[in-house]
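Notes follow once the structure below has been shown.
Protein chains get the first letters and strands the later ones, always in sequence-line order, with residue 1 at the start of each. Quick caveat, the model's predicted, so the values are computed rather than measured.
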Amino acid sequence: MKDFKINQFQQDLITWFEHEQRILPWREDQDPYKVWVSEIMLQQTRVDTVIPYFLNFIKQFPNIESLANADEEHVLKAWEGLGYYSRVRNLQSAVREVHENYGGIVPNTPEEISKLKGIGPYTTGSILSIAYGVPEPAVDGNVMRVLSRILSIWDDIAKPKTRKIFEAIIRDIISKENPSFFNQGLMELGAIVCTPSSPSCLLCPVQDHCQSFKDGTQKELPVKTKKNIVKELPMAACVFVTDDDKVLISKRPETGLLAKLWEFPNVEVVKELTSPKEQLMSFAEETFNVSLQVDDVIGTLQHVFSHLTWNITVYKGRLSNEPVQSDTVKLVTLEELKQYAFPVSHQKIWKQYLEDKSSQLV
DNA sequence: AATTCGGGGAA
DNA sequence: TTCCCAGAATT
């Protein structure tokens, strides 16, 4: 970094951010709670995806107290479709912690705030710098890409230790006067100028400071090894309805994939020893302790997660008697169904059921 | 250090 | 198709 002019770089970056930053709902003020909510939502999630969720979430839960006192079911429903659902469970847990042990004031030191659930190294730095003006590094994917190009750093950003290298660099070059705009400027630059595939170097406000632009290596950086292929799991799912048109749903376990979301009865199809339909029926009878029948296949669908793929065969079925209901098993009307949070995969199942149902009427 | 957590937009 | 996004928790 011998020839790297830190002061000039800070000024160019911050001045550019002041003029070119996007108008975003979470930039209207620096309320630590709202900054917090936005940063959790933005983890591994695009700005355009987050905007409507953020607006709705803040409308429903405008402050620490309202989220602390909210029903978990309502909170999960507000997160429905956004993914990584442990984020919002951890957020509410941490907000309750702040409500009870910090007098409702988001702590302003790295030691305290990083102890809160769901707040890791990146979010610690982003909240502290944006909400409180504390010069802590906030190293996300954007920052690693931008800095790897500017300083020509060839470490593999897929490795966990590489993030620490960038944090150390940021500590050296962050603006002490305006750490908020410095951090946000780096991220904004990565989002709209220094993009992954074809960066707009000719429009870049810090082009003069960029080593990889000088070298013409900007398209080779950052170095990032790719991950392995995902497993495919055959699944069978069924929408069971009663004679008075109520639907059987159940709640997923408290940990693991899609924790605490609701779903339609389903099984992973193991072998072709018995038919998928057979496996689905015996699973449902044992789980819900009711007599039932599985009827026709409505359709099939594929749902892709980051680490696995579900290949789901969708059935419809009928219940002859009502199951015992509980906190995790319910029989609901079509209208009541809308109150429950479902993963997108099961929203697709429900959509197929409705399409099949309407086609039967014609 | 590697894996597990969702979902969708863009190239 | 592949990539990867304002990452954190768990193993």
message: If we count only N and O atoms by modelled type, under 3.5 Å, do the side chains of A:Ser291 and A:Arg318 hold a donor and an acceptor together?
response: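 Their side chains do not contain a donor-acceptor pair, so the 3.5 Å distance test is not met.
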field: Modelled atom types, side-chain donor and acceptor of A:Thr242 and A:Asp244, under 3.5 Å
entry: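 Note: A:Thr242 and A:Asp244 side chains meet the donor-acceptor criterion.
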- request: Assign each of A:Asn90 and A:Arg22 to its nearest nucleotide of DNA chain C by heavy atoms, then name whichever residue's nucleotide is nearer the 5' end.
  value: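 Result of the comparison: A:Arg22.
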Nearest-angstrom distance, [atom1] atom, [N] to [M]:
| N | M | atom1 | result |
| --- | --- | --- | --- |
| C:dC4 | B:dC5 | C1' | 16 Å |
| B:dT4 | C:dA6 | P | 24 Å |
| B:dG6 | C:dC3 | C1' | 15 Å |
| B:dG8 | C:dA8 | P | 22 Å |

message: Please compare A:Gly81 and A:Lys161 by the position of their nearest nucleotide in DNA chain B and report the one closer to 5'.
response: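 The 5'-side residue here is A:Lys161.
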Which is true for [X] with a 4.0 Å heavy-atom rule: it touches a base, it touches only sugar-phosphate, or it touches nothing?
| X | result |
| --- | --- |
| A:Thr45 | base |
| A:Arg89 | nothing |
| A:Val50 | nothing |
| A:Ser38 | nothing |
| A:Ser306 | base |
| A:Arg252 | nothing |
| A:Tyr84 | base |
| A:Trp26 | base |
| A:Gly190 | nothing |

message: Evaluate A:Asn266 against A:Cys238 for side chain to side chain contact (heavy atoms under 4.5 Å, CB included), listing each step before the verdict.
response: CA-CA 6 Å; A:Asn266 66 91; A:Cys238 187; over 6 Å; no
Rounded to whole Å, please give me the gap between [atom1] in [X] and [atom2] in [N].
| X | N | atom1 | atom2 | result |
| --- | --- | --- | --- | --- |
| A:Gln21 | C:dA6 | CD | P | 16 Å |
| A:Glu254 | C:dA9 | CD | C1' | 17 Å |
| A:Leu82 | C:dA6 | CG | P | 13 Å |
| A:Arg145 | C:dG7 | CZ | P | 10 Å |
| A:Ile119 | C:dA6 | CD1 | C1' | 14 Å |
| A:Glu188 | C:dA6 | CD | C1' | 10 Å |
| A:Gln43 | C:dA9 | CD | C1' | 11 Å |
| A:Lys115 | C:dA8 | NZ | P | 17 Å |

- prompt: Heavy atoms, side chains only, cut-off 4.5 Å: are A:Val193 and A:Trp16 in contact?
  reply: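 Yes - at least one pair of side-chain heavy atoms lies under 4.5 Å apart.
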message: Between A:Arg89 and A:Glu72, does any side-chain N to carboxylate O distance fall below 4.0 Å?
response: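 A salt bridge is absent here (no side-chain N lies under 4.0 Å from a carboxylate O).
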- request: Using a strict 4.0 Å threshold on nitrogen-to-oxygen distance, state whether A:Glu112 and A:Lys115 make a salt bridge.
  value: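 Result for this pair is no, no salt bridge flagged.
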field: A:Leu258 CG to A:Ser345 OG distance, which is reported to the nearest 0.5 Å
entry: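 It comes to 6.0 Å.
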- prompt: So where does chain A start and stop touching DNA chain B, 5' to 3', when the test is distance under 4.0 Å to a non-hydrogen atom?
  reply: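 Terminal contacting nucleotides, 5' to 3': B:dA1 to B:dA11.
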- prompt: If only side-chain N and O atoms of A:Gln44 are considered, is one of them under 4.0 Å from the OP1 or OP2 phosphate oxygen of C:dG7?
  reply: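 True: A:Gln44 side-chain N/O within range (under 4.0 Å) of C:dG7 OP1/OP2.
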message: Are there over 12 heavy-atom neighbours, none belonging to A:Glu65, within less than 6.0 Å of that residue's CD?
response: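 Open.
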query: Considering the options A:Val344, A:Thr309, A:Asn311, which one meets the side chain to side chain contact (heavy atoms under 4.5 Å, CB included) requirement together with A:His303?
result: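 In the set A:Val344, A:Thr309, A:Asn311, the residue that makes a side chain to side chain contact (heavy atoms under 4.5 Å, CB included) with A:His303 is A:Val344.
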